[in-house]
Amino acid sequence: MILFQFKDIQQYQKDLASNKTDCLTAVKHYLQKIEDAQRLNAIVEVFAEESILRAKQLDEERKHGKPPGPLHGVTIVIKDVICYKDHHVTAASNILKGFKSLYSSTAVKKLLEADAIIIGRSNCDEFAMGSTNENSCYDKVLNAIDETKVPGGSSGGSAVAVQAGLCMVSLGSDTGGSVRQPADFCGIIGFKPGYGKISRHGLIAYASSFDQIGIFGNRVEDVALVLKTISGADEYDSTVSLNGEEKYSVTANQTKKPAIAYFKNALEHHSLDPEIKQQIYSLIEQLKTDGYTVEPLDFELLEYVVPTYYVLTTAEASSNLSRYDGIRFGTVKQPYETDLTKFYTNNRSTGFGKEVKRRIMLGTFVLSAGYYDAYFTKAQQVRRILCEKTNAIFKKFDALILPTVPSTAFNIDDISKDPIAMYLADIYTVFANLAGIPGISIPLFKHSNGLPFGLQIMSNKSNELTLLQLSDSLLTDYKRY
Ligand code: GLN
């Protein structure tokens with residue numbers, strides 16, 4: 001048996017420095033855990049040999065006095081939409097089967113430069129479209145707390161990788177909640193920075209004006225360290241903000257308690273599980289007693305966020321996914337047809353799954369000449385109003401709290417059969433992506449059905465520091481899970 005225990009990155013690195021453990025022991029531990037947890041189907045490819053080699057190399061370097069990078073020896077799993085040079089990346093889609101990345105994403109490059117060890121590639125919903133991780137060419141992922149439940153999606157594999165202790169931290173992507181929602185279902189932390197904080201270079205695009213790489217972990221301090229390492233300006237992504245807070249230490253001096261708002265009509269929404277509502281209300285009361293300012297706001301745009309999100313993201317997806325014609329990426333289907341249109345049709349109909357095809361069709365519809373103004377333009381107008389309202393809120397408040405999901409983890413095979421019900425369950429998460437603000441789900445609560453659920457916190461753009469510090473304080477003082 002390999003003896004290794006992980007508490008947090010800081011402790012691990014102290015143990016490395018004092019020779020209490022080494023990277024090789026850590027990697028072997030995780031490889032064994034991954035092997036033992038195969039039935040969860042969270043990891044679709046393990047980079048076993050190269051992780052061992054890299055661990056040995058890092059151990060050697062340390063012995064020879066080379067200063068360790070900030071993520072020295074940290075084992076990380078990446079979602080199957082994040083490119084890693086010479087490694088397979090498929091977005092869990094048959095259309096990309098066999099495709100190897102020609103270059104590494106900026107996030108991966110920065111992880112490697114910081115001495116991290118990328119140990120595997122995780123399962124997800126096809127092209128990051130979904131909320132259950134059931135739309136995957138690799139089949140579904142099981143929630144390790146209760147294997148009859150989904151882990152959430154689309155980054156379900158990355159969430160379970162952290163939940164089941166298969167790595168120290170993992171990367172996912174969040175276009176409408178795909179990091180925060182599975183974190184909620186799995187009882188871990190899932191953090192999506194503001195739009196433009198982490199470069200999207202080398203992240204397979206779903207909806208480019210929404211997509212952000214996000215981070216899963218068990219400690220806020222670990223998440224903050226990864227954020228610090230992989231964020232920042234990048235010549236390959238002009239939407240990355242050039243300035244902003246680059247220090248994310250959650251222990252930095254918090255002088256005063258942040259002012260918190262919540263949307264009253266969101267907590268009163270008919271789709272919200274009564275027990276989730278009650279536990280969040282009771283937390284709000286407790287926070288007030290403890291000296292926090294917590295005030296209700298009315299959010300009259302609540303019913304518009306899901307339709308707006310699905311009009312805009314499907315429109316962007318239909319354009320982004322037009323590049324997958326079966327020729328430039330992935331395995332070319334044989335035989336070549338003489339009729340090019342037939343050839344494309346054949347490749348795309350067999351290569352894409354049902355949900356992806358549904359979204360390409362929806363997106364093509366809302367962009368079509370006759371409907372463009374009625375749907376796409378309208379949705380853009382709603383998005384602009386939403387951004388203005390968000391700015392106004394953060395003039396008065398430092399943070400906004402909401403549930404992450406209206407219910408605890410769904411049963412396998414349940415909601416995925418009903419796409420509309422699945423879309424509606426995104427009611428609390430899509431707002432942060434529409435407004436481009438940071439959001440996090442922290443595992444504070446336990447439902448009487450035995451499952452965990454999270455509290456979602458959002459802050460103003462570029463105010464990740466406040467968000468992380470508040471998350472850390474709340475986890476320290478109010479964790480009931
Ligand atoms: N559940 C949302 C969707 O299906 C979120 C997806 C995501 O964030 N990638 O679009």
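The structure presented is a predicted model; accordingly, all values stated were derived computationally and were not measured.
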Pairs under 3.5 angstrom only: tabulate donor-acceptor contacts from the side chains of residues 295-312 to other protein residues two or more places apart or in another chain.
from	atom 1	to	atom 2	distance (Å)
Glu300	OE2	Lys389	NZ	3.1
Glu303	OE2	His269	NE2	3.0
Thr308	OG1	Tyr304	O	2.6
Tyr309	OH	Tyr206	OH	3.4
Tyr310	OH	Asp426	OD2	2.5

When you measure from the centre of the six-membered ring of Tyr195, is the NZ or CZ of Arg200 under 6.0 Å away and within 45° of the axis?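 No, Arg200 does not lie over the aromatic ring of Tyr195.
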Would you say the side-chain atoms of [X] and [Y] include a donor-acceptor pair closer than 3.5 Å?
X	Y	result
Ser209	Arg383	yes
Gln181	Thr404	no
Thr90	Tyr138	yes
Thr466	Asp398	no
Ser231	Lys197	no
Ser407	Asp273	no

Could you tell me whether a side-chain N or O of [X] sits under 3.5 Å from a main-chain N or O of [Y], the two making a donor and an acceptor?
X	Y	result
Arg180	Ile189	no
Asn433	Asp211	no
Asn133	Gly156	yes
Thr21	Asp15	no
Ser136	Asp125	no
Glu464	Gly194	yes
Ser178	Ser154	yes
Gln212	Ile198	yes

Walk me through it: do Ser155 and Lys79 pass the test side chain to side chain donor-acceptor pair (under 3.5 Å)? CA-CA 7 Å; Ser155 317; Lys79 182 177 178 179; 2.9 Å; yes
Would you please indicate yes or no on a ring centroid separation below 6.0 angstrom for Phe216 and Phe191?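 Here the rings of Phe216 and Phe191 have centres that are no less than 6.0 Å from each other.
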Evaluate the side-chain contact (heavy atoms from CB on, under 4.5 Å) criterion for residues Asn411 and Lys149: first the C-alpha distance (whole Å), next the side-chain angles of each, then the deciding distance (0.1 Å), finally the verdict. CA-CA 4 Å; Asn411 290 324; Lys149 307 284 177 197; 2.6 Å; yes
Hey, can you tell me if Phe445 and Phe453 have their rings parallel, tilted or perpendicular (30° and 60° cut-offs)?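 Aromatic pair Phe445/Phe453 classed parallel.
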Carefully, step by step, assess Ile442 and Leu474 under the rule side-chain contact (heavy atoms from CB on, under 4.5 Å). CA-CA 9 Å; Ile442 53 170; Leu474 296 188; 4.0 Å; yes
Is any side-chain heavy atom of Lys277 less than 4.5 Å from a side-chain heavy atom of Glu268?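 With C-beta onward as the side chain, the pair touches.
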Do Leu287 and Leu283 have side chains that approach each other closer than 4.5 Å (heavy atoms only, starting at C-beta)?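 Side chain of Leu287 against side chain of Leu283, heavy atoms only: contact under 4.5 Å found.
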As a quick check of understanding, evaluate side chain to side chain donor-acceptor pair (under 3.5 Å) for Gln456 and Ser441, giving each step before the final call. CA-CA 4 Å; Gln456 186 183 194; Ser441 180; over 6 Å; no
Are any of the side-chain nitrogens in Lys110 or Glu113 under 4.0 Å away from the carboxylate oxygens of its partner?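 Looking at Lys110 and Glu113, the cut-off is not met.
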Start with the C-alpha gap between Asn449 and Thr408, add the side-chain angles, then the distance that decides, and say whether side chain to side chain donor-acceptor pair (under 3.5 Å) holds. CA-CA 9 Å; Asn449 65 14; Thr408 51; 2.9 Å; yes
Does atom NZ of Lys479 have more than 12 heavy-atom neighbours, drawn from other residues, nucleotides or ligands, at distances under 6.0 Å?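 It does: Lys479 NZ has more than 12 such atoms within range.
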Compile the donor-acceptor pairs under 3.5 Å between side chains in residues 163-172 and protein atoms, sequence neighbours left out, one pair per line.
from	atom 1	to	atom 2	distance (Å)
Gln163	OE1	Ala144	N	3.1
Gln163	NE2	Asn143	OD1	2.8
Gln163	NE2	Cys186	O	3.3
Ser170	OG	Ser158	O	2.8

Approximate separation, where rounding is to 0.5 Å, of Ile393 CD1 and Asn460 CG: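 Reported to 0.5 Å precision, the distance equals 10.0 Å.
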